[in-house]
Each structure stands twice: as C-alpha cells, then as structure tokens.
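One structure is given below, encoded as structure tokens.
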Amino acid sequence: MTPPRKLHIKSYGCQMNVYDAQRMVDTLAGEGFTETATADDADLVILNTCNIREKAAEKVYSELGRLRVLKDDAARNGRQMRIAVAGCVAQAEGPEIIRRAPAVDVVVGPQSYHHLPQLLERAKAEGRAIETEFPIQDKFAFLPPPGREAIRARGISAFVTVQEGCDKFCTFCVVPYTRGAEVSRPVNRIVDDVARLADNGVREITLIGQNVNAYHGEGADGRPCSLGRLLDRLAQIPGIVRLRYATSHPCDVDDSLIAAHRDLPALMPFVHLPVQSGSDRILEAMNRRHTAADYRKTIDRFRSSRQDIAFSSDFIVGFPGESAEDFSATLALVTQIGYAAAYSFKYSPRPGTPAAEMQETVSATDMDERLARLQELIDSQQSAFNKAAIGSTVDVLFERAGRNVGQIVGRTAYLQPAHVMAPPEIVGQVLPVRIDSLERYSLLGELALTLPERAGAPTAPRLTTGA
Ligand code: 5AD
Ligand code: SF4
C-alpha cells in the first residue's frame, strides 16, 4: 500500500481552473494523496496556471522560485517534494518551463490531468515528465468523480464543466491554443454528475465552459443538445435549486437559451456576456464576429425573457489601434446597457495570437487612464445596482457560516454576498431576506420569515427540497 502523501494545489485564473483543481485532487486521492492547505509540508505541489494575460503567466515563474527554496529545504531534511505545473501556461510553454525552472518535475496540459499518476511515476523513473498533447480520448471519461466526503466538504455550490475549448479565435486570446478546439460532454454524463452532486447536498450548479453557450453535447436521442435544453433537463433534478452558466459568447445565444431564462425559475437571471469593446472597428479587429448593435439586440432578447435579468461583462482597453473615439464608444455602450458588475483589463499581447503581431498604438499612460475611467463607470453602476436592493426582500441561497458569530452568508440571484444572523441549519436553503444596508459589496439583512422550532432541526442541508 502507498503511504499517505500530501498534495497542495494553487490555482490561478478562471473557474475552469478551480474545477480542474478539484478533478486533480479526486484523481490523486486514488493514489493516497490528501489535500494540505500550504506548500510547506506537501509531498506534491501543483501550480494550476493561467496564461490569459502576461501578468498571470509571469506569476508562475516567481512562485516557482519560492517553491524551489521549499523543495531544497525539504531535501535537506530528507524529504522529497515534487513540483508539477498544470494549466494553460503548462500547455503554452511546456519545455520552456523546465528550462527556466529546473526544479519542476512534471508539466501537464489541461487535457491530460487523468494521466497525472502515470506522469508522476515517469518523473520518478526519468527525472522529469512533460505531457501537453491534446489526446483524442475524452479526459472526462477517465477522471474519477469526487467522493461523497469531497463533495460535502466543497459546499453547496459546485461547478460542472460541460464544454471545453474554443473555436472563436478572438485575435487577442490564447484560449483556442491552450484549451484546444471546442468539445462538449454528452448530456447523460452531465446529468449523472449533477445528480450525484445533488444527492450529496449541492444545491447550486454553475455550468462552465470557455464558450459555454456553444454547448452542443450529444443528447439522449443521439442528436446535439443546446445549452438551453441541457439547463431544462438539469432543472428537473431533485435538490437543484439554482443553475448558472459561464462564460457565454454573444454570437451563440440561441432561442432555447432565452426560453430557458423565461421558463426555468431555477435559472438565475444573471448573465455574464463579455463584449470586450463598444467600437465596431475594434470588435472587427478582435474578430468578435458581431457589432455593438448586435450585442445590444442580444441583451434586449434576454431582457424580454425576464424583466429582472442583469448582466456582467468583460472589457479590454488599449487593444492595438483603439482610438479615443473607439474608447468613447465602449463607455457609451456601458452607459446604455447598465451592468450589475464587470471586469476590465488592459490589453496584454499574448505570444502566438494574431493581435500580438499588430502594432501597439495606445501608450501606457492612455491605457491606465482608460482603464481607470471605465472602472469608475462600472463601479458606479455596480454600486447603484447594489444600493437598489436596500429595502427590498430578495431570495438568498445560504452557503456557510460568516466571520461573525451567529452570522450566515449566502448569495442573491446576482451573486451579491448577503449576511444574516440565523441558525446554521439554513445553510443549503433559499430563503427570503429583507435587505437593510450595504457594507462595501455585501448586503446585510434579516430573514423575512419565521423559522420553525429549532429543536431537532437537521444540521445538514435537507435533501428533499426540490427546485
Ligand atoms: N489581454 C487582456 N485581456 C484579455 N482577456 C483575454 N485575453 C486578453 C488579453 N490578451 C480578457 C477578456 C476575456 C477575459 C477572460 O480576459 O476580456 O473575456
Ligand atoms: Fe477567447 Fe472567449 Fe474569444 Fe474564445 S470566445 S477566443 S475564449 S475571448
């Protein structure tokens, strides 16, 4: 029998990496690894990296510098620590990582996590192992599902990958190169995963994919199934009270998705729909395949499905060729749409992408100034959105105990954190909360109903509360 070993995973970047980290933990659990919170006492440290912007990629090398010191310390104490680099930097830079950071034992791309045990063996025998191919087999068929204990420990909200990769080739983006071509998982596998999570107390599922609404997995009838129809199927699973999905491309919003928002109370009225820019010239240079007017129309279609629907987005400022007018068009679009939240980034050229060949025209000062102006506008919209909740009664899905004694924290439909004083058995339930005040980004309030007698109340989430 293998002796117990400790595993520490540090994830950067998107939700897909958070999900992948859990799959790696589940895979290595079968090899006797249990998770540890710090790298100090770990036998294996995995850096699950992000390559979306230069800053994110460079973090990996500074972290590897720190890990080398820990690895040397461990060796001096007669203990072996191994270091693996996973994620999109592993995929994009493979051998370069070993050249720059010789302390690394394993480099593994996102499509090969199910091979981690073999790669660790190979590294033991050969000193080092690299795997960054895109294998033909579906890795999901080989990744073990999480055990009951692991699901319960991860809480009542879970991510499930339904689609991976991207065929859109936006000119600034590395994803089509690091995650490969679009692949959708079959409906029955996703249904099995979600039912298993629900059976173990999960109440909220976020379906994730790099381009999630391009989902077209095989349905029960053998034909491709859309994201809207998949959501419809998942909403029928007992125990699932909230459904979300991310990240969507504006061009792939079909009528089944709009209908899902109209018909499924479990589908949260909060859509992350990145637009990147409000200028048609820049959208074209980015190869986004739509205009600002197309995007507005898509937003209107969503709005026609539910009047309480709200949006978040991603923006890039300072893309090559972005003029002051182009940037003004972005501000105008933001003003017109009115977002509940949004993320904005300075353009970062990524090696191997078409935009990296374009002449950069926006000075560092202009980029900083545009980012600050855009963020100020977005912040003001977000504050107004949050303030509008004060005085209203909103549904909150309770997730865990808060920092203060007796406090329980949950989230509204719009992912705003909401805090109430209440007994712990409300975790896992959706309850109405009257919002009294706002503290930074958190809503504070009280339960808008009287709870039944506490004596004998279950402490674990009830499994019978369907959608
Ligand atoms: N530079 C800056 N931001 C980028 N993003 C993707 N690639 C780049 C890049 N090269 C942003 C986009 C995307 C989000 C995940 O990251 O806004 O939607
Ligand atoms: Fe990247 Fe998203 Fe464009 Fe795909 S759709 S290339 S993931 S920005």
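Read the numbers this way: they start at 1 and go in the same order the structure lists the ligands and their atoms.
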Numbering as shown, the atoms of ligand 1 that approach K346 to under 4.0 Å (heavy-atom distance): 1 (N), 2 (C)
Plane angle bin for Y295 and Y339 - parallel if under 30°, tilted between 30 and 60°, otherwise perpendicular: tilted
Exercise: do S383 and N386 side chains pair donor with acceptor under 3.5 Å: no
Salt bridge flag under 4.0 Å for residues R281 and E325: no
Stepwise side-chain contact (heavy atoms from CB on, under 4.5 Å) check, R100 with L64: CA-CA 9 Å; R100 279 182 69 177; L64 284 173; over 6 Å; no
Distance-only N or O hit between ligand 1 and F172, under 3.5 Å: yes
Sub-4.0 Å heavy-atom approach of R179 to ligand 2: no
Short N-O contact, R66 and E63, less than 4.0 angstrom: yes
Part of Q276 with heavy atoms under 4.0 Å of ligand 1, whether side chain, backbone, both or neither: side chain
Contact partition for I316 relative to ligand 1, non-hydrogen atoms under 4.0 Å: side chain
Y19 six-ring face occupied by R23 cation (under 6.0 Å, within 45°): yes
Test item: side-chain donor near acceptor, E164 and Q111, under 3.5 Å: yes
Geometric N/O contact Y347 with ligand 1, under 3.5 angstrom: no
Side chain, backbone, both or neither: F345 near ligand 1, heavy atoms under 4.0 Å: side chain
Salt bridge D105-K71, side-chain N to carboxylate O under 4.0 Å: yes
Polar protein atoms (N, O or S) that approach atom 1 (Fe) of ligand 2 to under 2.8 Å: C173 SG
Lys/Arg N to Asp/Glu carboxylate O, E96 vs R99, below 4.0 Å: yes
